[in-house]
Amino acid sequence: QSAHRAGLRSFIRYGWRWSWRVAAFVTIFNTVSTGLSVYRNKTTISNFASAGAVTGALFRMHLGLQGLAGGFVFGTVFGIPAGGLLMMMEKLAGETMQEKRNRERRELYEQKLAEWQSRLSVTEVLGQKENNAQGGPEMEMARES
């Protein structure tokens with residue numbers, strides 16, 4: 001039981017040291033890869049490789065130029081399989097993020113178009129009622145004859 005407690009204490013003590021680093025790494029990686037995907041309007045392995053390279057270089061920048069280059073290579077090497085895995089999982093889910101974005105954009109456009117057309121038809125109906133109430137051109141023709 002004391003060994004269990006000691007293990008738990010060390011997990012909490014050292015886990016905190018690593019958890020914020022992992023969280024920062026994942027945040028930077030996802031931000032860069034998502035930014036590239038949105039900017040280029042497609043998802044490719046090169047986006048993930050670039051995100052890994054940038055993230056690895058940032059985390060090894062404090063070691064100088066060699067650390068920067070090593071982090072760049074290390075990030076690229078691990079970004080490619082991570083990206084491939086994420087892309088395979090998207091394919092298995094049945095819809096990629098790009099397809100989802102396009103579908104949602106199309107649905108929003110169709111919704112706004114239907115709303116606009118319904119407003120336009122209400123305006124046309126109100127215009128016809130107003131003309132009839134004022135005695136529009138049809139009424140004038142009937143009065144003259």
Side-chain angles (χ1 to χ4, degrees), residues 4 7-145:
H4 179 57
L8 186 60
R9 273 194 312 268
S10 64
F11 178 75
I12 291 170
R13 183 182 311 144
Y14 295 112
W16 168 250
R17 290 182 187 175
W18 283 98
S19 65
W20 71 268
R21 291 179 181 133
V22 170
F25 188 90
V26 169
T27 301
I28 293 169
F29 180 85
N30 284 334
T31 301
V32 173
S33 67
T34 303
L36 287 170
S37 294
V38 170
Y39 178 74
R40 297 176 67 200
N41 202 22
K42 61 181 176 180
T43 302
T44 61
I45 294 289
S46 63
N47 292 350
F48 295 103
S50 300
V54 167
T55 307
L58 282 175
F59 270 78
R60 292 297 174 197
M61 190 169 50
H62 69 283
L63 298 175
L65 192 56
Q66 285 181 333
L68 186 79
F72 187 87
V73 171
F74 186 77
T76 302
V77 167
F78 281 101
I80 292 171
L85 180 66
L86 288 172
M87 289 175 69
M88 278 195 314
M89 288 173 53
E90 284 180 348
K91 289 287 186 188
L92 289 174
E95 184 177 44
T96 65
M97 290 304 289
Q98 180 65 35
E99 292 168 347
K100 182 179 177 184
R101 271 195 304 265
N102 288 340
R103 179 181 50 81
E104 288 174 349
R105 190 178 300 140
R106 185 180 63 249
E107 288 172 355
L108 181 63
Y109 171 77
E110 290 170 355
Q111 178 186 359
K112 287 188 180 207
L113 182 63
E115 186 178 315
W116 181 76
Q117 287 175 340
S118 70
R119 286 182 183 175
L120 185 62
S121 67
V122 167
T123 306
E124 289 173 355
V125 169
L126 288 176
Q128 288 174 355
K129 286 183 179 181
E130 187 176 296
N131 282 341
N132 291 341
Q134 291 178 353
E138 299 86 23
M139 295 297 284
E140 293 291 327
M141 296 284 277
R143 286 183 196 155
E144 289 176 6
S145 17

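Predicted model only: the values in this text are computed from it and were never measured.
A donor-acceptor pair is defined here as one N or O able to donate and one able to accept, closer than 3.5 Å; such a pair exists between the side chain of Ser118 and the backbone of Glu115. Without hydrogens or angle criteria, Ser33 side chain to Asn30 main chain gives a donor-acceptor distance under 3.5 Å.
Sequence neighbours left out, the pairs with a member in residues 29-69 that pass ring pair (Phe, Tyr, Trp, His ring centres under 6.0 Å) are Phe25-Phe59.
Two residues are said to be in side-chain contact when any heavy atoms from C-beta on lie closer than 4.5 Å; Asn102 and Gln98 meet this criterion. Side-chain contact between Thr96 and Thr43 is absent, with no heavy-atom pair separated by less than 4.5 Å.
The minimum heavy-atom distance linking Lys100 with Glu95 is given by the pair CA-OE2, 3.7 Å. Nearest approach of Leu36 to Ser50, heavy atoms of both residues: CD1-CB, 3.7 Å. Val32 and Ala51 get closest at one heavy-atom pair: CG1-CA, 3.5 Å.
Distance NZ/Lys91 to CG/Leu86: 13.5 Å, rounded to 0.5 Å. Separating the CZ atom in Arg101 from the CZ atom in Arg106 is a distance of 14.0 Å, to the nearest 0.5 Å.
A salt bridge is absent between Glu99 and Arg103; no separation between the charged side-chain nitrogens and carboxylate oxygens falls under 4.0 Å.
Considering only residues two or more places apart in sequence or on other chains, Thr44 meets the side-chain contact (heavy atoms from CB on, under 4.5 Å) condition with Arg40, Lys42, Ser46, Asn47.
Atom CD of Gln66 sits in a sparse spot, with 12 or fewer heavy atoms from other residues, nucleotides or ligands closer than 6.0 Å. Environment of CG in Leu108: crowded, with over 12 heavy atoms of neighbouring residues, nucleotides or ligands closer than 6.0 Å.
Judged by a 6.0 Å distance limit and a 45° cone about the ring axis, Arg119 is not positioned over the six-membered ring of Trp116.
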